[in-house]
Amino acid sequence: MIKLDIVNRVAGATGIAKSKAEVAVDALLEGLKQALERGERIELRGFGVFVVKPRKRGVGRNPRTGETADIPPGKTIRFKPGKELAH
């Protein structure tokens, strides 16, 4: 499913124009993105939880040359599905 599919479903379920549905979907996605950038936890009951977790430093390997490369510490996003979705 891509963003256009989501826009079409929102427009179909609500009866609003696709242009307005696209604005609503964009606003939702932008809000989620900003919350994750701030490190906030996003809980959508019946769907799941998005959490920002720290990622440790590591060592990677270039598959072509076999050279090792340091991977700096960072953050990653984890998703845990809700009970209804995990079936």
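Residues K75 and R55 approach most closely at O-NH1, 3.8 Å, considering heavy atoms. Scanning all heavy atoms of the two residues, the minimum distance from K18 to A11 falls at CG-CB, 3.9 Å. The shortest non-hydrogen separation linking I42 to L36 is CD1-CG, 3.7 Å.
Counting heavy-atom neighbours within 6.0 Å of R9 CZ, excluding the residue itself, gives a total of 12 or less. When the shell of 6.0 Å around CZ of R57 is examined, it contains 12 or fewer heavy atoms from other residues, nucleotides or ligands.
To the nearest 0.5 Å, the span separating NZ on K33 from CG on D26 amounts to 11.0 Å. L44 CG to L32 CG: the interatomic distance, rounded to the nearest 0.5 Å, is 6.5 Å.
At a threshold of 4.5 Å between non-hydrogen side-chain atoms, the residues V49 and F79 do not count as touching. Between L29 and K3, some side-chain heavy-atom pair lies under the 4.5 Å cut-off. Side chains of D70 and V59 form a contact here, defined as non-hydrogen atoms less than 4.5 Å apart. No side-chain heavy atom of K20 sits less than 4.5 Å from a side-chain heavy atom of V10. Between M1 and I6 the shortest side-chain heavy-atom distance falls below 4.5 Å.
Looking at N8, its side chain does come within 3.5 Å of a backbone N or O of L4 through a donor-acceptor pair. At least one donor-acceptor pair closer than 3.5 Å links the side chain of R61 to the backbone N or O of G66.
Linking ILVMFWY side-chain heavy atoms closer than 4.5 Å, directly or via other members, places I71 and I77 in two distinct hydrophobic clusters.
Checked for salt-bridge contact, R45 and E43 meet the test: a charged N lies under 4.0 Å from a carboxylate O.
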